[in-house]
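Here the structure comes first, spelled out in structure tokens, and everything after it is commentary.
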Protein chains: 2
Amino acid sequence: MTAIDEMTPVAGSDRRARRRQETIDEILAIAEDIMNTEGVNGLSLSEVARRLGVKPPSIYKYFDSLMAIYDAHFERGQRVHLEAVRAAMGAAAPGLDALGAGLEASCRWCLAHPATAQLMFWRPVPAFEPTPEAMAPSIEMVGLERRALADAVAAGQLGPGADSDEALWLTSIMVSGVMGQTLANEPSLPWGAGRFSPLLPKLIGTLTALYPPKPSRRRSVG
Amino acid sequence: MTAIDEMTPVAGSDRRARRRQETIDEILAIAEDIMNTEGVNGLSLSEVARRLGVKPPSIYKYFDSLMAIYDAHFERGQRVHLEAVRAAMGAAAPGLDALGAGLEASCRWCLAHPATAQLMFWRPVPAFEPTPEAMAPSIEMVGLERRALADAVAAGQLGPGADSDEALWLTSIMVSGVMGQTLANEPSLPWGAGRFSPLLPKLIGTLTALYPPKPSRRRSVG
DNA sequence: GTCTATACTCCGATAGAC
DNA sequence: GTCTATCGGAGTATAGAC
């Protein structure tokens, strides 16, 4: 539930540009705080200004509109979330391990950024439509998961049917289900506690039952 | 996406009381329409009055506040949803069939009433806390599912571990995942179409892999 | 980049006449 | 049970002085 803090590097090392970027970062962090406490729809330009210690018109020097703040936060969320998942997958063995590690990292990140996760994955603000640029990281995200499934098939951990859109959608349903129930019912419990989050590994394990590998020549099975 | 229409029977057959109840029903139907088009948070007393053809103060003759409208709609949603699930389960064979039929009926109902479902299961309005009376049907709902799991164990369709809280939570995760992905990504497709809703039976089927029945003396296996 | 001032629209809710 | 009138507040956004 801490705000995304990201030291955005600034192109020219101009002091003014750096100061400006800091203000933008601060606005986005405040916006996330507001959404976490007031709900995603509770974000307002006026409240951002109030907490930043300026008057509402000043915000327009940094963002064109309230929706622009939503969009910038959405884009940043997608990007940081993607990096968290990528790092977790990279630290695990390719295949099922990487898939499980990535999905757990995704859930942990969503639990730490509940409002951002809702904005990204549940679209509770009808008036907000993310720009294509903001959506870009999510395409890469799908690619990561797809590759992990293919690796699992290549390693003999899953049957060939797992290298498919269907398997991808099944995993997204499982993660979405665990996250949805966790965020709605026990948002303040740490990951691994409560009724739902401990069940993620068991759910991912069902992929093995859904796409059983050929029993011959499989690697690393206990 | 049609509004819940419910002919609420009125105690005394007084004409005035009947007319009043009709107005209340109409207000709730309008409220659902507004939430379906403007988002759950987009509900406003003024808009209800506008569509009903009266001035905002008149609404207060029927509901004490905006939150009272949320609560009445929440309570009605829980009740009607429960009845839909109960009917579907009652028409199926006890055990896994009834469980699957109930969960599918639940999903179909949620897809037909997306805003109500979000209000009931995702709580997107932070200022709204349902009253205990409004929550009551959801307890009965859990009982129905729990009984179906127990029946499935008794019938030898699932192993004894399925008569458990864990199995209950797993099914709720599966349903929540399918519904969340469907409502967020393909809310206007009919049930059974698209990427996610066709996968519900497959997910429920994984219960058999998670809680395998004793291979002896099982009934009705293909 | 900050501010004041302003224009505008919307909201929930209440008082009191009819 | 309807209305008018009103209160008090919220919000987004722009114009223009400094």
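Letters go in sequence order (proteins before strands), and every chain restarts at 1.
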Between the side chains of [Y] and [X], is the shortest nitrogen-to-carboxylate-oxygen separation below 4.0 Å, so that they form an ion pair?
X	Y	value
Arg76(B)	Asp25(B)	yes
Arg19(B)	Asp14(B)	no
Arg79(B)	Glu75(B)	yes

Contact check, residues 27-37 of chain B vs DNA chain D, heavy-atom distance under 4.0 Å, returns none
Sorted by number, residues from residues 58-76 of chain A placing a heavy atom under 4.0 Å from DNA chain D are Tyr60(A), Ser65(A), Leu66(A)
Interatomic spacing from [atom1] in [X] to [atom2] in [Y] - rounded to 0.5 Å:
X	Y	atom1	atom2	result
Leu183(A)	Met179(A)	CG	CE	3.5 Å
Phe128(B)	Met67(B)	CZ	CE	8.0 Å
Leu119(B)	His113(B)	CG	NE2	13.5 Å

Sugar-phosphate only, base, or nothing, as touched by [X] at under 4.0 Å among non-hydrogen atoms:
X	value
Arg50(B)	sugar-phosphate
Ser46(A)	base
Arg16(A)	nothing

Q) Between the main-chain N or O of Pro124(A) and the side-chain N or O of Asn41(A), is there a donor-acceptor pair closer than 3.5 Å? A) yes
DNA chain D nearest-nucleotide lookup for Glu47(A) and Arg20(B): closer to the 5′ end is Arg20(B)
Per nearest nucleotide of DNA chain D, the residue lying toward the 5' end, Thr23(B) or Pro57(A), is Thr23(B)
Within the structure provided, determine whether Leu203(B) and Met174(A) are in side-chain contact (heavy-atom separation under 4.5 Å). yes
Query raised in the report: Can you find a heavy atom in the side chain of Val85(A) that is under 4.5 Å from one in the side chain of Leu103(A)?
Result: no
* Asked: Is a side-chain donor-acceptor pair under 3.5 Å present for Tyr211(B) with Glu166(B)?
  -> yes
ask   = Relative to each other, are the rings of Trp122(A) and Trp122(B) parallel, tilted or perpendicular (30° and 60° limits)?
value = tilted
Its 5'-most and 3'-most nucleotides having an atom under 4.0 Å from a non-hydrogen atom of chain B, DNA chain D is contacted over dG1(D) to dA5(D)
